[in-house]
Amino acid sequence: MRREPSTLPTMVFDWGSIKWHVTPDAVPGASSTLGEVVINPNKGHDRHEHPDADEILYVIDGEGRQTVGDDPEFTVRTGDAVWIPKGTLHSTFNTGWRPLRLVATYTPGGAENALRGVPDFVELAPGEAPTWAVASRE
C-alpha cells in the first residue's frame, strides 16, 4: 500500500513536526509505525518514554544530541541509527542550523497516539504545511 505524504495529516509541536506514513490505525494489518520527524534548529522534545514499544531513529539529515536512558548524551548525525528499548527515557535536540530529519519507528505500533495528549499538539489536515516563526533576538 502506497501512502503519499500530501495525503497524510501532520502532527505539529513547538519543536517541529511528524508525518506518520504507516500506523496500525491507518494501514490495515500494520503492526508497526513509521514516520518522518522534523526537529527545528535549536529545538528538541522533552525526555519521555514509550512503555510498550521499542523505537528506532534513523537520521536522514542534520545533527543533534540524543539521550537514551542513563547513558551519557551523544551526538547523532546523518546516517546514524539509534535503538531505544521500550520503557527507556530519551530525548532528541537539534544542534544544527538546518532542520534535523529523522525516520522513527515504533514496534509494536501505536505509541504515536500518545502524542495527541501533548499540550502543544496541533494536527494539520493533509496538504496543509506547518509554518514557523523566526525567533526574536530580544
Side-chain angles (χ1 to χ4, degrees):
M1 168 183 267
R2 179 174 181 248
R3 302 202 10 119
E4 187 176 319
S6 65
T7 67
L8 306 173
T10 304
M11 289 184 160
V12 179
F13 308 90
D14 66 357
W15 51 263
S17 58
I18 306 173
K19 193 169 283 278
W20 297 112
H21 295 268
V22 176
T23 67
D25 290 343
V27 177
S31 60
S32 60
T33 295
L34 180 134
E36 182 176 348
V37 179
V38 176
I39 302 176
N40 292 327
N42 205 35
K43 296 282 186 174
H45 59 75
D46 293 335
R47 282 175 63 88
H48 66 282
E49 64 180 333
H50 309 287
D52 301 315
D54 291 341
E55 182 174 8
I56 296 174
L57 300 174
Y58 177 77
V59 182
I60 301 170
D61 192 31
E63 183 172 318
R65 292 190 318 262
Q66 182 71 47
T67 66
V68 177
D70 295 330
D71 291 342
E73 182 177 86
F74 57 94
T75 299
V76 290
R77 293 184 181 92
T78 302
D80 288 349
V82 179
W83 176 62
I84 303 156
K86 66 182 172 184
T88 302
L89 288 171
H90 61 283
S91 64
T92 310
F93 187 86
N94 182 347
T95 59
W97 64 272
R98 61 183 177 202
L100 174 62
R101 294 177 53 226
L102 311 164
V103 169
T105 67
Y106 298 131
T107 305
E112 67 282 355
N113 292 323
L115 293 169
R116 296 179 186 287
V118 173
D120 62 341
F121 166 76
V122 173
E123 185 167 272
L124 301 180
E128 192 175 343
T131 56
W132 309 105
V134 175
S136 171
R137 290 184 167 242
E138 296 176 28

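A quick note: this is a predicted structure, and the numbers were derived from the prediction, not measured.
Other residues, nucleotides and ligands contribute over 12 non-hydrogen atoms within 6.0 Å of the CG atom of Asp120.
Using a 4.5 Å heavy-atom cutoff, the side chains of His21 and Pro5 are in contact. Side chains of Ile18 and Thr10 form no contact here, defined as non-hydrogen atoms less than 4.5 Å apart. Within the 4.5 Å cutoff, no side-chain heavy atoms of Asp52 are placed close to those of Lys86. Counting only heavy atoms from C-beta outward, the side chains of Val103 and Ile60 approach each other to under 4.5 Å. Considering only heavy atoms from C-beta on, Leu100 stays 4.5 Å or farther from Val38 through its side chain. Two residues are said to be in side-chain contact when any heavy atoms from C-beta on lie closer than 4.5 Å; Trp15 and Asn40 fail this criterion. Between Asp54 and Ile84 the shortest side-chain heavy-atom distance does not fall below 4.5 Å. Asp61 places none of its side-chain heavy atoms less than 4.5 Å from the side chain of Pro99.
Listed here is the closest heavy atom pair of Gly69 and Arg47: O-NH2, 3.2 Å. For the pair Pro24 and Ser31, the tightest heavy-atom approach, listed with the atom from each and the gap, is CG-C, 4.3 Å.
Placement of Val76 and Trp83 in two distinct hydrophobic clusters is found when ILVMFWY residues are connected by side-chain heavy-atom separations under 4.5 Å, directly or transitively. Linking ILVMFWY side-chain heavy atoms closer than 4.5 Å, directly or via other members, places Val37 and Phe121 in a single hydrophobic cluster. Both Leu115 and Leu102 sit in one connected hydrophobic cluster of ILVMFWY residues. Membership requires side-chain heavy atoms under 4.5 Å apart, directly or through other members. Linking ILVMFWY residues whenever their side-chain heavy atoms come closer than 4.5 Å, directly or via other members, leaves Leu8 and Leu34 in distinct clusters.
The salt bridge (charged side-chain N to carboxylate O under 4.0 Å, His left out) test with Glu36 is passed by exactly one of Arg101, Arg3, Lys19: Arg101.
Under 4.0 Å is where a charged nitrogen must lie from a carboxylate oxygen, and between Asp14 and Lys43 no such pair does. By the 4.0 Å N-to-carboxylate-O rule, Glu123 lies close enough to Arg116 to be salt-bridged with it.
Side-chain contact check for Thr33 and Glu112: at least one donor-acceptor pair (N or O, by modelled atom type) lies under 3.5 Å. Between the side chains of Thr67 and Ser91, at least one donor N or O lies within less than 3.5 Å of an accepting N or O. No side-chain N or O of Thr75 forms a donor-acceptor pair with one of Arg65 less than 3.5 Å apart. Side-chain N/O atoms of Asp25 and Asn113 include a donor and acceptor closer than 3.5 Å.
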- Message: side chain to side chain contact (heavy atoms under 4.5 Å, CB included), that's the test. Do Ser32 and Thr105 meet it? Break it down for me.
- Response: CA-CA 7 Å; Ser32 60; Thr105 67; 6.0 Å; no
- Query: Does the pair Gln66 and Leu57 meet the rule for a side chain to side chain contact (heavy atoms under 4.5 Å, CB included), with working shown?
  - Reply: CA-CA 10 Å; Gln66 182 71 47; Leu57 300 174; 3.5 Å; yes
- Task: Starting from the C-alpha separation in whole Å, work towards a yes-or-no answer on side chain to side chain contact (heavy atoms under 4.5 Å, CB included) for Val68 and Phe74.
- Result: CA-CA 9 Å; Val68 177; Phe74 57 94; 4.1 Å; yes
- Message: Between Glu49 and Thr88, is the side chain to side chain contact (heavy atoms under 4.5 Å, CB included) condition met? List the steps.
- Response: CA-CA 5 Å; Glu49 64 180 333; Thr88 302; 6.0 Å; no
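To the nearest 0.5 Å, atom CD of residue Glu73 and atom CZ of residue Phe93 are 9.0 Å apart. Considering OG1 of Thr95 and CD1 of Ile39, their distance stands at 10.5 Å, rounded to 0.5 Å.
Aromatic ring centres of His45 and Phe13: separated by at least 6.0 Å. Ring centroid separation for the pair Tyr106 and Trp20 comes in under the 6.0 Å cut-off.
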